[in-house]
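Every value quoted in this text rests on a predicted model; they were computed, and no experiment measured them. Residue numbering restarts at 1 for every chain, and letters A, B, ... go by the order of the sequence lines.
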Amino acid sequence: MSEHIVSRKTYFSIFGALLALTALTTFMAFQDLGPFNVVVALAIALIKASLVVLFFMHVKYSSRLVKVIVCAGLFWFLIMISFTFADYYTRGWIRHPHP
Amino acid sequence: MATLVAPAIVRKKPTKPGAHDAHGHHELSFVQKYIFSQDHKRIGIQFMFSSLFFLLVGGGLAMIVRLELGWPGHAFKFLSFLPSTMVAGGVILPEFYNSAFTMHATFMIFFAVMPFLMGTFANFLIPLHIGAPDMAFPKINMLSFWFALVAGIIMFSSFFVKGGAAGGGWTNYPPLSDLSELSGVNVGQNLWIISLLISGVASLMGAVNYITTVVNMRCPGMSFFRMPLAIWAIFVTAILLLLAIPVLTSALVLLLFDRTVHTSFFIPSTILVAGQPLVGRSGGGQVLLWQHLFWFFGHPEVYIMILPAMGIASDILATFARKPIFGYKAMVFSICGIAVLGFFVWGHHMFQSGMNPLLGTTFMISTMLIAVPSAIKTFNWLGTLYGGNFKFTTAFLFAVGFVAMFVIGGLSGIFMASTPVDIFIHDTYFIVGHIHYVLFGGSIFAIFAGVYYWFPKMFGRMLNETLGKIHFWLVFLTFNGVFFPMHILGIGGMMRRIYDYTQYPHLSHFQGLNAFMSVCAFILGASTLLFLFNLFWSMFKGKPSGMNPWHANTLEWTLPSPPVHGNFSETPHVFRGPYEYSVPGHTEDYWPQNEPPEGWLERAQQMKATATHG
Amino acid sequence: MAQAVPPRYKHWWLPDASSSYAGQIDDMFYLILWITLFVFFLVEGALIVFLWKYRYKNGRKAIYTHGNNTLEITWTAIPAVILVFLAVFSNSLWSEIRDPNKFPKNAPAIQIKPRQFEWDITYPGPDKKFGTADDIQTINQLFLVVNQPVQIKLEGQDVIHSFFVPEFRIKQDAVPGMPTAVWIKPIKEAQYEIACAELCGLGHYRMKGTVSIISQDSMDRWVKSQAPAPAAAPAINLTP
């Protein structure tokens, strides 16, 4: 299996994109979007993480097996998040008598 | 005497790039050979000695805990040598007691049992069992050991800093572990976090290495379903490590941020310290977040410590029963089943934590289900033993002890799985008894079995069997003497992690029982010294073992003891599964995996001849 | 008022069962105990028999078998059925104790806010409302009325504590920043101990309180004797 050689230009442009997104995060932190504060912050973080995984970690150029493994990892992550949030977000539904 | 089949195999496979060439055959210096070694066998043995050291440290701390529990508040004059922050006038102080059981668990879990199974045995066995010259990444392998050792030393050093070692239990629930004002431990807690971060890196490096090696470096003929169960278990465990450790790491980083740069991941706004609100913190954190993250790692961690033990015990049982493993595929599938289900059960540690009770139901069902694969394994071990022809070696005794004790640990788990019963026995000694039946009666029994079994391959000499059997019976009897009564204490309502239960009228009648348990614990601790003596004595004076003292089938027994650097002079070829014992029609009662079937050599030579002449 | 002291047991077994659901939890415990004991003797018995019967004999060859699918299915299915049965059976009791919708209606409430290392207890007082002038506060002393369901509201002040009364078979963590609640219906007049079941620091082992189960009359008299006391009124000691 030959290694795909990623050009220096790609690395630098990804690096630039990451820096720009960091600046965007900082900028957005000073804007009050109400409930969308978290959504925007997480969306930017997700884009950054995807860039790192795809380019810096070479998943974009890897075999299908590697991609499946990455997805499996995400699936595992989803298990954790979904059960934890199943606890978090349902706590508000619990109404003990005598508030 | 059996004619041992030499590992000479006709078909030569080109060595994997990078795996073997890097070593070369030049003479290695002392440092390269014994200290910064990249040989998987050497690293395995290094892990063994570091784990044994930390096993002694953890055991010593257990003795402190048992001293206090046996005779709460008693002045032990012989402890006066310890600093006044730990022991005052011979009386063990509550802060030292808290540190002692916290660090006992931490050392045993992260620096004794885990590295013993996933450091010593994984390293030593994987390449030998699958017919590979070494690990896929020998340098990473070496680094993994040194990271683990550094982590252990950092953890150990935390006893000597101001405020002492972490004392929040091995689970270190915030806010107790988060705010030094509440626990009185400052640097020690940070060191605990840092040490586990480093040990996590070591585990990850190991895991990546093991997975890669098993997937890529099996010798010709070694299909997945011809791998010994120990390798299956280690392989699956490595995947568990890879998935679970990062979650612990992120939780630890959050906790470290809370402690050092005063974030509030685990600190709610309403928190009061000595009745006063906290200044300089934003608050708004969630206390239960730590528990979710920790147990998402923590429960798979339990399986990380028991799955390799199951695999090792399976191999040893089959060898000494002289029988194939009963239901090999069922065993493999139950290992995988445990691994997958293991990620869906973490909430059962949190039934009483205030988590939504509906989620308690979900986790109870998944917890009950995970008992099924364990039951399958137990019944298959019984099936393996049925109709065998046992040689009662020490290794076999420990492996049988493993099965017997694991059954108790598994069955007592059902009490906790049942949510209403758990309301009562949660956080009592019942659960302490349960984990020790799983982790000592399970993991450590299997570790002892493994050491007795593979010691000849590690050092070329046999461990003394008489001492070994004395060791087994001492461990077996005193282990049950310490840990079985813990179930009774738990049923009586005795809380865990308690410094002085005689404060409570409803528990004070347990003092006699506790004293008995402590005496058993001291004998149990002392028996380890006997084991260590046997180990070091046999290393130099033991009976030479020869290649295959147990008449076992797997590939490592076709090599000289100890095997040379690079293991196999020629890549072996595997023809059958690892458990072909007592095969009808075969003259010997064992049939090594790489022994060619009749006529195979001739045919191969013919083919080779036609290939060269044709 | 009956003078009660916390019981000192002689036996090494379950403490008294003194809440409405304690007996049910014990029944569940015994059910699991019988099942596990049966399995325990079955498995360990088979193990010992095999060890004896198949000990080494020169010249005998072990049975050569790789398994049996019928057996595998049997010993997969039977434990699975038993365990699912246990889960379903447990769940009805679990929801009876824990489901907030099934808490007894109109049960009076008591607020417990444990801190290192004491139980700060607040009674709503005669007006049955918290945060008013007639609230009664005690430390480490909980009074409950026999046969009267009560709701205990828990919230930790500093670290996680766990409210544990062995005789009631109840345990619930008191988490800072996250209110939790349990209900209890004591079924006999007695005095028991409240223990902290979650490690909470140096004084964890001595963080104990007492719970006195008294008659409605005694309770009324006690409430009257406290009101209209200022908020920080010290608790009277019922046991001389």
| message | To the nearest 0.5 Å, what is the distance between CD1 on B/Ile271 and CZ on C/Arg115? | response | 12.5 Å
| query | Do other residues, nucleotides or ligands put more than 12 heavy atoms under 6.0 Å from C/Lys57 NZ? | reply | yes
| query | Which heavy atom in C/Ala62 sits nearest to a heavy atom in B/Ala321, and how many Å separate them? | reply | CB-O, 3.8 Å
| field | Contacting moiety of B/Phe396, where chain C heavy atoms sit under 4.5 Å | value | side chain
| query | What part of B/Thr419 is in contact with chain C, defined as an atom under 4.5 angstrom from a non-hydrogen atom: side chain, backbone, both or neither? | reply | both
| note | Separation between CD (B/Gln286) and CE (C/Met178), nearest 0.5 Å, reads 7.5 Å
| query | Side chain, backbone, both or neither: which part of C/Phe164 has an atom under 4.5 Å from a heavy atom of chain B? | reply | side chain
| Quick one: CZ on C/Arg55 to NZ on B/Lys391, what's the gap to the nearest 0.5 Å? | 16.0 Å
| message | Just so I know, are the side chains of C/Leu86 and B/Met368 near enough to count as touching, which here means a heavy-atom distance under 4.5 Å? | response | yes
| task | Select one option (side chain, backbone, both, neither) describing which atoms of C/Val43 are under 4.5 Å from chain B's heavy atoms. | result | both
| note | Honestly, the part of B/Phe392 sitting under 4.5 Å from a heavy atom of chain C is side chain
| task | Let me know if B/Gln276 has heavy atoms under 4.5 Å from chain C in its side chain, its backbone, both or neither. | result | neither
| request: Could you have a look at C/Asp26, C/Ile82, C/Asp99, C/Ile63 and say which one has the most heavy-atom pairs with chain B under 4.5 angstrom? | output: C/Ile63
| Does any non-hydrogen side-chain atom of B/Asn380 lie less than 4.5 Å from one of C/Glu72? | yes
| query | Relative to chain C, which segment of B/Thr378 carries a heavy atom at a distance below 4.5 Å: side chain, backbone, both, or neither? | reply | side chain
| query | Which atoms of B/Asp500 come close to chain C, meaning under 4.5 Å heavy atom to heavy atom: side chain ones, backbone ones, both, or neither? | reply | both
| query | Roughly how far, to the nearest 0.5 Å, is CD1 of B/Ile425 from NZ of C/Lys171? | reply | 8.0 Å
| Do C/Tyr64 and B/Lys323 come close enough that some side-chain heavy atom pair is under 4.5 Å? | no
| request: Against chain C, label B/Asp178 side chain, backbone, both or neither, depending on which of its atoms sit under 4.5 Å from a heavy atom there. | output: neither
| Contact class of B/Phe351 relative to chain C, heavy atoms under 4.5 angstrom | both
| said: Under 4.5 Å from any heavy atom of chain C, what part of B/Val185 do you find: side chain, backbone, both or neither? | reply: neither
| request: Answer with side chain, backbone, both or neither: which region of B/Leu179 has an atom nearer than 4.5 Å to a non-hydrogen atom of chain C? | output: neither
| note | When every non-hydrogen atom of B/Val372 is compared with those of C/Ala80, the smallest separation belongs to CG2-CA, 3.7 Å
| field | CD1 on B/Ile423 to CE on C/Met28, rounded to 0.5 Å | value | 11.5 Å
| field | Parallel, tilted or perpendicular: ring planes of C/Trp75 versus B/Phe326, cut at 30 and 60 degrees | value | tilted
Do any side-chain atoms of residues 405-417 of chain B form donor-acceptor pairs under 3.5 angstrom with protein atoms, and if so which ones, sequence neighbours left out?
from, atom 1, to, atom 2, distance (Å)
B/Ser412, OG, B/Ile408, O, 3.2
B/Ser412, OG, B/Gly409, O, 3.2
B/Ser412, OG, B/His434, ND1, 3.0

| note | Under 4.5 Å to a heavy atom of chain C? For B/Phe101 that would be side chain
| query | Between C/Val39, C/Asp120, C/Ile32, C/Ile97, which residue shows the highest count of heavy-atom pairs closer than 4.5 Å to chain B? | reply | C/Ile32
| Contact winner vs chain B - C/Val159, C/Asp16, C/Leu37, heavy-atom pairs under 4.5 Å | C/Val159
| C/Trp12 and B/His509, any side-chain heavy atoms less than 4.5 Å apart | yes
| field | Interface moiety of B/Pro268 toward chain C, non-hydrogen atoms closer than 4.5 Å | value | side chain
| task | Would you mind reporting whether C/Ile160 and B/Pro175 have side-chain heavy atoms less than 4.5 Å apart? | result | yes
| query | Relative to the ring of B/His506, is the ring of C/Tyr9 parallel (under 30°), tilted (30 to 60°) or perpendicular (over 60°)? | reply | perpendicular
| query | Tell me, side chain or backbone of B/Pro485 under 4.5 Å from chain C's heavy atoms, or both, or neither? | reply | neither
| query | Would you say C/Leu47 and B/Leu385 make side-chain contact, with heavy atoms under 4.5 Å? | reply | yes
| said: Between B/Glu580 and C/His66, is there a side-chain heavy-atom distance shorter than 4.5 Å? | reply: yes
| How about C/Asn91 and B/Met364: do any of their side-chain heavy atoms sit closer than 4.5 Å? | yes
| chain B heavy atoms under 4.5 Å from C/Glu96: which part of the residue, side chain, backbone, both or neither? | neither
| Reported CZ-to-OH distance for the pair B/Phe390 and C/Tyr56, which is rounded to 0.5 angstrom | 13.5 Å
